[in-house]
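Start at 1 and go down the list; that is how both ligands and their atoms are numbered.
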Amino acid sequence: MGERLSLEPCGHRSGIPGPPPPHRSHCAYPPAFTTTGTHAINKTTFGDLGLGPAITDTLAQLGYEEPTPIQAEAIPPLLEGRDLLGNAATGTGKTAAFALPLLQAVPGIGTGTTPRVLVLVPTRELAMQVSEAMHKYGRALGARVLPIYGGQPIYRQIKALERGVDVVVATPGRARDHIARGTLDLDDVRAVVLDEADEMLDMGFAEDISEILESVPGERQTLLFSATMPPRIRSIANSHLTDPVRVQIDDSPAPGDAPRVRQTAYVVQRAYKPAALVRVLDAESPTAALVFCRTRVEVEQLVDTLNGRGHRAEGLHGGLTQEQRDRVMGRLRSGKSDLLIATDVAARGLDVDQLTHVINFDVPSAPAAYVHRIGRVGRAGREGVAITLAEPREHRMLKNIERVTGQQVPQQSLPTVADLRARQMEVTTATIREEIVEGDLDHFRVVVEQLADEFDVLDIAAAAVKLAHQASSGGRDDEEEIPEARVRDERPHRERGGAPQSGRRGHKGPHQPAPEGMTRIFVSAGRIAGIRPQDLVGAIANEAKIKGREIGAIQITDRFSLVDVPAADAEKVIAALRGGSLKGRKVNVRRERPRT
Ligand code: AMP
């Protein structure tokens with residue numbers, strides 16, 4: 001391998017034409033823009049970054065309006081063939097940042113013979129997600145993308161590989177398995193992506209990754225993405241990347257930039273997000289709210305959903321003409337609509353006095369964008385509310401926003417149906433109280449007096465309240481409970497903040513050291529691989545000849561398990577588990593690294 005990584009400052013390979021270094025973004029999002037009334041100009045397009053029409057047309061169909069910061073930074077050097085070391089978490093648009101340029105620039109994509117691009121990811125979930133995204137982005141180029149991960153029958157993957165693919169998205173264990181069988185031919189691979197590299201190391205895949213990289217020709221482009229940059233990642237970067245461009249989205253807002261608004265986040269599964277949005281709007285009853293989403297398509301879908309649920313929503317996105325935009329804004333200002341659903345691009349320069357709520361339908365791709373979005377409310381001493389709907393996988397981005405802004409974004413449970421009904425009843429009560437105070441009820445008194453000959457006055461009042469309540473709450477009684485989503489945050493080391501997922505045997509979680517006399521063992525398979533406590537107990541008891549009752553606490557997370565075993569037997573257990581298999585797959589087993 002030629003030149004080695006120079007981390008600071010970011011190196012630019014001499015002699016290579018292209019944009020000047022460094023590819024480092026400082027508060028690049030949202031980019032500088034000028035506004036004329038409500039209209040924004042000066043935006044970077046995907047085409048400006050060097051992407052051709054096959055891809056830009058696809059992105060337009062997907063409703064992507066502009067590149068996210070990491071895309072703007074990464075795409076040009078990747079199109080030039082540079083290696084890349086990227087500091088980025090899920091949710092920042094990282095997948096498209098590497099997928100788009102590789103799909104366009106790697107020779108042979110679309111021929112579907114041997115793989116040209118290999119993406120390594122820590123989990124099966126991510127393998128499917130990245131592979132779907134790459135399939136979507138590369139459709140017009142005829143790219144054939146195959147996910148390969150443990151847990152799926154290997155013969156099916158072998159057949160698919162034989163049919164020919166351009167891109168393989170694999171978990172390291174299964175990739176190594178195929179390499180060993182001779183069913184994954186890496187001779188023509190021209191680009192390798194290590195995605196969520198820190199997660200892969202945490203899961204014990206370091207050795208697999210090194211072996212896989214040895215099987216790929218040296219003449220290749222190598223990309224490494226990691227949310228954190230511990231020394232182990234730097235060391236991998238040092239040995240496997242050549243003069244990489246370093247992309248670090250340094251988007252910390254200036255101190256004091258974050259406005260003082262009431263901030264709340266709800267963690268919701270994606271499928272329940274529209275229902276959660278309706279629930280939040282019903283519970284908050286904002287005077288006027290701005291809902292941010294990522295794409296044009298999402299804007300249109302949400303406008304339909306909300307209008308179908310009795311709201312008066314308008315959509316604002318980059319596909320509208322200035323005239324349409326003005327009309328939408330006019331209706332909002334005059335109070336004819338009270339909900340604006342917009343993309344970031346379309347909402348630039350937007351200043352609406354009445355706004356009381358900003359709602360992030362997704363966690364924005366960068367903390368600066370979050371600050372920018374929520375800065376639309378809470379102006380001039382008025383009260384403002386910012387609500388964020390986060391998917392479990394976006395939890396880390398939320399933590400990052402808290403860290404960067406220095407402000408807490410407390411997570412709450414979504415209002416239940418009962419909470420909602422109680423809140424609606426409060427609104428009805430308050431409205432009736434106002435009417436009584438206002439007086440001018442003579443007309444209606446006459447009706448009550450007439451009815452009082454026949455009925456009890458309290459019954460008459462109750463019936464009138466019922467009618468008023470139905471009218472104000474839209475008469476809806478079809479609400480369903482929205483299930484609580486579990487946060488996906490299961491890193492066993494320092495970055496971890498949240499509560500551990502508890503195991504069957506009253507495990508105290510990975511924060512607590514193993515009890516006196518016990519050693520905690522890490523096993524690189526968890527719930528996703530179908531591991532249950534009895535599988536671990538069975539394997540340990542049979543292979544290491546230890547009695548089940550001597551085995552201590554067991555914790556099973558999605559991707560790995562932790563088991564406490566008597567310290568004196570730890571080596572025996574590790575050797576036995578390494579030699580055997582769990583649910584038919586080989587696992588990495590080691591002592592859990594103590595937290596430092
Ligand atoms: P990722 O960080 O790759 O997991 O992407 C997070 C989400 O953002 C995915 O749902 C993508 O479809 C979406 N996304 C990526 N890039 C853009 C963009 N430029 N505009 C709008 N949405 C995007």
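- At under 3.5 Å, not a single nitrogen or oxygen of A96, backbone or side chain, sits near a nitrogen or oxygen of ligand 1.
- Under 3.5 Å, the side chains of Q157 and R174 contain a donor-acceptor pair of N or O atoms.
- Close contacts between ligand 1 and R393 involve ligand atoms 4 (O) [criterion: under 4.0 Å to a heavy atom].
- Checking only distances, E65 never comes within under 3.5 Å of ligand 1, N or O to N or O.
- For ligand 1, the polar-atom distance check against Q129 finds no nitrogen or oxygen pair separated by under 3.5 Å.
- When the options P364, G93, A72 are ranked by their closest heavy atom to atom 5 (O) of ligand 1, first place goes to G93.
- An N or O contact shorter than 3.5 Å is missing between T295 and ligand 1 by distance.
- Remark: ligand 1 atoms within the under-4.0 Å shell around heavy atoms of T92 are 2 (O).
- Inclusion of K136 in the set of residues having an N or O under 3.5 Å from an N or O of ligand 1 is not warranted.
- Within the set R294, E394, E391, the minimum heavy-atom distance to atom 22 (N) of ligand 1 is found for R294.
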Self-check item: Check against side chain to side chain donor-acceptor pair (under 3.5 Å), T45 and D48
Solution: CA-CA 5 Å; T45 65; D48 296 340; 3.2 Å; yes
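- Side-chain atoms of Q61 and D57 include no donor-acceptor pair closer than 3.5 Å.
- Atom-to-atom distance recorded for I236:CD1 and D198:CG is 10.5 Å, nearest 0.5 angstrom.
- The main-chain N or O of T242 is found under 3.5 Å from a side-chain atom of D83 such that the two form a donor-acceptor pair.
- Here is the list of ligand 1 atoms found below 4.0 Å of a heavy atom in E66: 18 (C), 19 (N), 20 (N).
- Side-chain contact between M229 and L85 is present, with heavy atoms from C-beta onward closer than 4.5 Å.
- In this structure, F361 places its CZ atom where more than 12 heavy-atom neighbours from other residues, nucleotides or ligands lie under 6.0 Å away.
- Each of the following atoms of ligand 1 lies closer than 4.0 Å to a heavy atom of F46: 19 (N).
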Compile the donor-acceptor pairs under 3.5 Å between side chains in residues 134-149 and protein atoms, sequence neighbours left out, one pair per line.
| residue | atom | partner | partner atom | Å |
| --- | --- | --- | --- | --- |
| Y137 | OH | Y64 | OH | 3.0 |
| R144 | NE | G164 | O | 3.4 |

